[in-house]
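Some notes on the structure that comes next.
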Amino acid sequence: MRYLSTRGQAPALDFSGALLAGLASDGGLYMPDSWPALASAEIAGFAGQPYRQVAQTVMSPYLGGAFGGDEFAGMLEAAYAGFRHPAVTPLVQLGDNLFVLELFHGPTLAFKDVAMQILGRMMDRELARRGQRATIVGATSGDTGAAAIEAFRGLANVDVFILYPNGRVSDAQRRQMTTVAAPNVHAIALEGTFDDCQAIVKGLFNHHAFRDRMGLAGVNSINWARVMAQIVYYFTSAVALGAPHRKVSFTVPTGNFGDILAGYAAKRMGLPIDRLVIATNENDILERALATGVYETRGVRETTSPSMDIQISSNFERLLFDANGRNPEHIRAEMAGLAQSGRFALSPEQHAAIRHEFDAYRTGETGCMKEIQRVWREANYLIDPHTAVALHAARKALAKAPGTPMIALSTAHPAKFSTAIQAAIGAPAPLPPHLADLMTAKESFSVLSNDCAAVEKFISERSRAARP
Ligand SMILES: *Cc1c(COP(=O)(O)O)cnc(C)c1O
């Protein structure tokens with residue numbers, strides 16, 4: 001299996017090359033050169049298998065032998081042993097043909113753990129084989145930083161530095177990053193905003209001498225390996241509801257389009273998915289693009305589902321590439337238009353191909369609150385605001401095809417967004433028992449000024465990857 005850049009001007013890489021590169025050198029995203037197909041009988045055989053075994057079958061064709069069979073099985077076992085539910089990603093039924101897929105049983109209570117836990121182990125293993133070390137640097141307004149820290153803590157060949165805006169993340173979010181006692185983990189409270197954190201990380205990557213000396217690597221959602229790891233739960237959940245003998249649909253609360261792209265990949269691999277429903281909050285660039293055929297950025301609006309507060313959806317580029325016969329010149333022209341004027345028009349072929357498989361619905365803040373209240377009232381089940389945006393959309397889509405089971409992806413535990421829960425139902429969402437000591441555990445972090453040079457100095461003094 002080779003990986004091609006969507007923009008066609010970077011070298012094709014094998015799996016481990018794409019894993020360590022993240023973004024392609026031409027600014028594009030790596031895509032597998034073909035979609036591996038699973039036979040219907042093989043998919044049917046997933047019924048009753050443990051999650052990690054399905055994971056191995058679904059991911060192996062993408063690895064091109066990067067890891068041995070037993071080696072990869074061991075990595076998967078370790079990655080998913082830390083999940084608090086034996087099914088890893090269990091299904092819950094809420095109504096006639098309406099289901100919720102709980103993706104939040106990992107160590108930081110958000111779906112990003114599902115991919116990050118295996119990504120960290122794959123990177124560490126590949127670096128060891130190459131005799132290299134890497135420095136992970138990221139900016140976070142909450143979830144991604146915590147998931148990255150949990151995934152990379154204690155690994156031998158990776159040091160991780162996460163910048164967050166001092167005083168501007170919730171206590172629970174900060175504590176998830178600062179109470180991890182591991183020598184290779186560094187939480188940096190930057191005296192600035194989230195945008196300042198992002199600007200500094202960008203500055204570090206653009207300082208090429210520093211980047212090479214530290215072996216800088218990113219783990220944001222454009223990394224192909226993250227998308228790949230998310231394909232698995234589309235298979236396990238669909239098979240639990242009767243696939244491949246019966247079709248199912250999915251609704252996905254969408255930000256950067258990584259999660260729902262994994263659903264698209266599952267469909268390409270042979271899973272009979274009927275509709276893929278994009279659920280957006282008030283940041284609705286994708287809903288507008290599907291309706292009008294024009295992809296146009298607007299300012300970011302702050303909502304109670306912050307992990308979906310985005311201006312552009314980076315992984316959408318991968319779908320655009322597939323939807324247009326994989327023509328990189330065309331993608332380059334579209335992305336140039338986006339950079340220049342904040343918009344481009346989808347070609348008629350792209351627009352038709354995407355609408356053939358996807359629907360999109362937008363849910364405002366009122367709809368989101370009402371959905372949390374409704375599910376609590378009707379089913380005595382607490383959902384976080386991201387899940388609420390998904391369920392609200394899922395109900396609309398289900399009404400159009402009531403005979404097809406609809407699975408809404410639940411991407412965060414409600415306790416992570418307790419302020420919104422309090423506002424909706426008048427009571428907070430309790431933390432699960434294993435995190436009960438989170439609010440009292442000892443914290444460790446460093447406060448740094450909003451200054452790229454200060455952050456560079458801090459990292460070079462601490463990263464084991466530093467080369468003279
Ligand atoms: C990251 C995230 C999302 C959005 O996922 P994408 O892959 O970026 O579309 C949705 N919900 C939660 C809770 C998240 O952390």
Side-chain angles (χ1 to χ4, degrees), residues 29 89 100-117 119 138-151 169-170 172-173 176-177 194 218-231 233-234 250-266 276-287 289 300 303-319 358 360 362-363 368 371-372 382-394 408-418 420-421 429:
L29 278 67
T89 60
V100 167
L101 180 61
E102 295 185 341
L103 301 176
F104 53 70
H105 292 280
T108 75
L109 309 182
F111 97 102
K112 296 200 168 57
D113 290 328
V114 179
M116 209 72 94
Q117 283 292 321
L119 177 77
T140 189
S141 52
D143 281 359
T144 311
I149 283 176
E150 271 300 328
V169 301
S170 76
Q173 283 179 322
Q176 282 192 316
M177 296 188 273
F194 172 59
V219 288
N220 58 20
S221 72
I222 50 91
N223 195 306
W224 167 255
R226 275 183 64 180
V227 175
M228 175 188 77
Q230 292 165 8
I231 300 172
Y233 47 72
Y234 286 89
F250 288 92
T251 302
V252 186
T254 296
N256 252 329
F257 210 76
D259 203 1
I260 196 163
L261 189 86
Y264 170 80
L276 285 162
V277 181
I278 301 165
T280 78
N281 65 19
E282 291 175 1
N283 297 285
D284 57 357
I285 181 167
L286 290 166
E287 193 266 343
V300 176
T303 72
T304 50
S305 45
S307 299
M308 297 154 73
D309 291 348
I310 46 93
Q311 203 173 355
I312 62 162
S313 282
S314 323
N315 276 295
F316 193 55
E317 182 169 336
R318 288 189 159 115
L319 180 63
F358 290 85
R362 163 195 201 274
T363 299
C368 174
E371 188 63 42
I372 295 173
L382 261 189
I383 54 171
D384 96 289
H386 303 80
T387 308
V389 166
L391 262 179
H392 201 73
L409 271 49
S410 177
T411 47
H413 189 287
K416 285 207 92 162
F417 297 95
S418 204
I421 302 299

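Numbers here are sequence positions counted from 1. Since the model is a prediction, treat every value here as computed from it, not as a measurement. As the structure lists them, so they are numbered: ligands from 1, and atoms in each ligand from 1.
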Item to check | Residues R226 and N223: side-chain donor-acceptor under 3.5 angstrom | outcome: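 No, no side-chain donor-acceptor pair sits under 3.5 Å.
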Next on the checklist: Under a 3.5 Å cutoff, is there a donor and acceptor pairing between the side chains of D309 and N283?
Outcome noted: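 The answer is yes; a qualifying pair exists.
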Next on the checklist: Please identify which of these residues, Q173, H386, Q176, meets the side-chain hydrogen bond (donor to acceptor under 3.5 Å, both in side chains) condition with K416.
Outcome noted: Q176
For ligand 1, find each of its N or O atoms that sits under 3.5 Å from a protein N or O atom, and tabulate the pairs with distances to one decimal place.
from	atom 1	to	atom 2	distance (Å)
ligand 1	7 (O)	G258	N	3.2
ligand 1	7 (O)	D259	N	2.9
ligand 1	8 (O)	N256	N	2.7
ligand 1	9 (O)	G255	N	2.8
ligand 1	9 (O)	N256	N	3.2
ligand 1	9 (O)	F257	N	3.0
ligand 1	11 (N)	T411	OG1	2.8
ligand 1	15 (O)	K112	NZ	2.5
ligand 1	15 (O)	D143	OD2	3.3
ligand 1	15 (O)	S307	OG	3.4

Item to check | Contacts of type ring pair (Phe, Tyr, Trp, His ring centres under 6.0 Å), residue F104, not counting sequence neighbours | outcome: H413
Item to check | Worked check of side chain to side chain contact (heavy atoms under 4.5 Å, CB included) between V252 and F358 | outcome: CA-CA 11 Å; V252 186; F358 290 85; over 6 Å; no
Checklist entry - Are the side chain of T89 and the backbone of L103 linked by a donor-acceptor contact shorter than 3.5 Å? => result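 It does not hold such a pair.
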